[in-house]
Participant: 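Okay, here's the structure, questions in a sec.
To find a chain, count down the sequence lines: A is the first, B the second, and so on, and within it residues start at 1.
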Number of protein chains: 2
Amino acid sequence: MLNKVAIISTSILLYKVGGILSLRSQLLKGILEGCILSIINMQPAYGYELSVKLQQFGLSDVSEGSIYPILLRLQKEELIKGEMRASESGPKRKYYKLTEKGYEALQLFTHHWELIKEPVDNIIEQGGNAHGSD
Amino acid sequence: MLNKVAIISTSILLYKVGGILSLRSQLLKGILEGCILSIINMQPAYGYELSVKLQQFGLSDVSEGSIYPILLRLQKEELIKGEMRASESGPKRKYYKLTEKGYEALQLFTHHWELIKEPVDNIIEQGGNAHGSD
DNA sequence: GTAAGCTACTTTGTTAAACAAGGTAGCTAT
DNA sequence: ATAGCTACCTTGTTTAACAAAGTAGCTTAC
């Protein structure tokens with residue numbers, strides 16, 4: 001059974017596709033990568049764990065189909081390094097930690113995030129209430 | 001002459017392609033649309049004007065190749081409505097203003113932006129200084 | 001002991017947004 | 001008339017998130 005429901009159009013107003021807002025998916029572009037670097041910087045983490053932690057931070061429903069490709073990409077870029085370790089219960093886990101290069105990339109991401117966030121906040125602040133009384 | 005220069009890789013560390021940081025391009029995904037709605041909400045604006053205003057707000061070097069497709073898309077979605085007006089000097093301008101639906105989309109964007117921004121800020125705050133000095 | 005369910009990792013194909021690049025055309029000044 | 005600016009539009013490329021589907025180890029229930 002296909003889970004795709006009535007994609008009304010391609011733009012900002014919409015909507016439920018498999019239960020998840022698809023606007024978010026666009027807003028997240030490029031951001032997840034930095035968040036994952038940041039969480040790994042707190043302490044080494046494995047993929048499944050990241051999906052839980054992202055959720056705890058409020059980034060709900062980030063699918064494994066997003067996380068694992070990012071991890072593979074980051075590893076290929078040598079921003080993170082993986083290491084298999086046995087688990088006390090369950091399959092082995094691939095723990096990733098930042099490389100030096102990865103730490104630099106995290107700094108860069110943080111900087112760029114600020115460079116985006118501030119203008120956007122200003123634009124929203126000035127444009128948000130122009131039309132007035134909701 | 002192609003302007004494409006040594007794309008070293010595809011990820012977060014990099015860089016100069018035709019003189020513009022390409023990380024930014026990913027971070028902007030979905031955000032520009034909301035910013036444009038917000039600026040138009042301040043007062044009706046035309047494409048060329050938007051590129052100037054975005055720059056003034058700190059979103060530098062947003063190309064017209066980004067802006068005009070967004071305007072066409074928003075118009076097709078009936079979030080904005082265009083109207084040609086003569087200019088005192090130069091070619092005619094297509095002024096866009098928000099529709100009611102566009103105003104609702106702006107509210108929605110603002111909400112989603114907050115839902116993304118807060119977790120990301122928290123993640124960066126906790127992960128940013130874990131590795132310590134610098 | 002075997003079936004169900006959870007943990008954990010991986011891959012493929014689709015969708016969509018930003019952008020470079022290139023183009024059209026009106027208006028102004030030289 | 002021709003150069004330069006204003007203003008708009010379009011095509012093709014790149015890339016990230018995601019759904020979906022798959023593999024396999026381990027644990028618990030029966």
Participant: Quick one: is dA7(D) close enough that its OP1 or OP2 comes under 4.0 Å of any side-chain N or O from Tyr68(B)?
Facilitator: no
Participant: From CG of Leu71(A) over to C1' of dA16(D), roughly how many Å is that when rounded to an integer?
Facilitator: 14 Å
Participant: Quick one: Arg93(A) CZ to dA24(D) C1', roughly how many Å, whole number?
Facilitator: 16 Å
Participant: How would you list all residue pairs meeting ring pair (Phe, Tyr, Trp, His ring centres under 6.0 Å) that involve residues 23-46 of chain A, not counting sequence neighbours?
Facilitator: Tyr46(A)-Tyr95(A)
Participant: Would you kindly give the CD1-to-C1' distance between Ile36(B) and dA18(C), to the nearest whole Å?
Facilitator: 11 Å
Participant: Between Pro69(A) and Lys94(B), name the one whose nearest nucleotide on DNA chain D is closer to the 5' end.
Facilitator: Lys94(B)
Participant: Does the dC19(C) base have a donor-acceptor partner in the side chain of Glu64(B) within less than 3.5 Å?
Facilitator: no
Participant: Mind calculating the distance between CD (Gln26(B)) and C1' (dT14(D)) to the nearest angstrom?
Facilitator: 8 Å
Participant: If hydrophobic clusters are built from ILVMFWY residues whose side chains come within less than 4.5 Å, do Leu32(B) and Tyr48(B) share one?
Facilitator: yes
Participant: Tell me: CD1 of Ile67(B) to P of dC8(D), nearest whole Å?
Facilitator: 10 Å
Participant: When we call it a touch if two heavy atoms are under 4.0 Å apart, what does Gly65(A) touch: a base, just sugar-phosphate, or nothing?
Facilitator: base
Participant: Any salt bridge between Glu49(B) and Lys53(B), counting N to O under 4.0 Å?
Facilitator: yes
Participant: By nearest nucleotide on DNA chain C, pick out whichever of Ile31(B) and Tyr95(A) is the more 5' one.
Facilitator: Tyr95(A)
Participant: Using the ring pair (Phe, Tyr, Trp, His ring centres under 6.0 Å) rule, collect all pairs that involve residues 66-94 of chain B, keeping only residues at least two apart or in two chains.
Facilitator: none
Participant: Less than 4.5 Å apart, side chain to side chain, heavy atoms only: is that true for Ile80(B) and Leu71(B)?
Facilitator: yes
Participant: Can you build the contact string for nucleotides 25-30 of chain D? Use B for base contact, S for sugar-phosphate-only contact, and - for no protein heavy atom under 4.0 Å.
Facilitator: BSS---
Participant: Listed by chain and number, what are the salt bridge (charged side-chain N to carboxylate O under 4.0 Å, His left out) partners of Glu64(A), not counting sequence neighbours?
Facilitator: none
Participant: Is there a side-chain polar atom (N or O) of Arg24(A) under 4.0 Å from OP1 or OP2 of dC18(D)?
Facilitator: yes
Participant: Which residues pass the side-chain contact (heavy atoms from CB on, under 4.5 Å) test with Phe57(B), sequence neighbours left out?
Facilitator: Asn122(A), Ile123(A), Gln126(A), Ile39(B), Met42(B)
Participant: Got a sec, which residues hit salt bridge (charged side-chain N to carboxylate O under 4.0 Å, His left out) with Glu83(B), two or more places apart in sequence or on another chain?
Facilitator: Arg85(B)
Participant: Reading DNA chain C from 5' onward, which residue's closest nucleotide shows up sooner: Ser87(A) or Ser66(A)?
Facilitator: Ser87(A)
Participant: To the nearest Å, give me how far apart CD (Glu33(B)) and P (dA18(C)) are.
Facilitator: 7 Å
Participant: Round to the nearest Å and state the distance from Leu23(B) atom CG to dT14(D) atom P.
Facilitator: 18 Å
Participant: So which nucleotide from dA7(D), dA8(C), dC9(D) ends up closest to the side chain of Tyr48(A)?
Facilitator: dA8(C)
Participant: Would you say Arg73(A) places a side-chain N or O within less than 4.0 Å of OP1 or OP2 belonging to dT10(C)?
Facilitator: no
Participant: OP1 or OP2 of dC8(D) less than 4.0 angstrom from a side-chain nitrogen or oxygen of Tyr46(B), does that happen here?
Facilitator: no
Participant: In whole angstrom, what separates Lys29(A)'s NZ from dC18(D)'s P?
Facilitator: 8 Å
